[in-house]
Amino acid sequence: MDETVAVPKPDLVVDASGLKCPLPILRAKKALAQLESGQVLEVITTDLHAVRDFQAFAKQTGNTLLAQVESEANATHFLARR
């Protein structure tokens, strides 16, 4: 069953493929600091735990997790800066 998820247009993209926790989160944190409130960050990850990590990161920081798209190869996370 295919599910189509509407993904927001990112203002900045971080490719954290191949990096293990906590590096994708640290890269996202650094990138979010460059954005203005409401702008969107896209983070591409291959770490199996990244989906849960980004959910927790969004809750802890107050940034909004807009969408997470998983495929066999990776997961893509969309965060809006608070």
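Treat the numbers as computed from the prediction; the structure is a model and nothing was measured.
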Shortest non-hydrogen contact from Lys9 toward Val40: O-CB, 3.8 Å

Could you report the tightest heavy-atom contact between Gln68 and Phe54, atom names first, then the distance? NE2-CB, 3.8 Å

Cut-off 3.5 Å, side chains only: do Asp15 and Ser17 have a donor facing an acceptor? yes

Can you list the steps and then say if Leu41 with Asp11 is a side chain to side chain contact (heavy atoms under 4.5 Å, CB included)? CA-CA 6 Å; Leu41 173 66; Asp11 295 289; over 6 Å; no

Is there side-chain contact between Thr64 and Leu79, with heavy atoms separated by less than 4.5 Å? no

Other residues, nucleotides and ligands only: do more than 12 of their heavy atoms fall within 6.0 Å of CD on Gln55? yes

Show your reasoning for whether side chain to side chain contact (heavy atoms under 4.5 Å, CB included) applies to His77 and Val51. CA-CA 8 Å; His77 317 272; Val51 171; 4.2 Å; yes

Check: Asn74 side chain, Thr45 main-chain N or O, donor-acceptor pair, under 3.5 Å: no

Donor-acceptor side-chain pairing of Gln34 and Gln39 below 3.5 angstrom: no

Does the side chain of Arg27 reach to within under 4.5 Å of the side chain of Val43, using non-hydrogen atoms? no

Ile44 versus Val14: any side-chain heavy-atom pair under 4.5 Å? no

Shortest non-hydrogen contact from Thr46 to Gly18? OG1-N, 2.7 Å

Which atoms form the tightest heavy-atom contact between Thr61 and Phe57, and what is the distance? OG1-O, 2.8 Å

Value for CG (Leu32) from CD1 (Ile25), rounded to nearest 0.5 Å, stands at 9.5 Å

Where do Asn63 and Arg81 come nearest, in terms of heavy atoms and distance? OD1-CA, 3.4 Å

Any Val7 side-chain heavy atom under 4.5 Å of Val69 side chain: yes

In short, Glu42 meets Pro10 closest at the heavy-atom pair OE1-CG, 3.1 Å

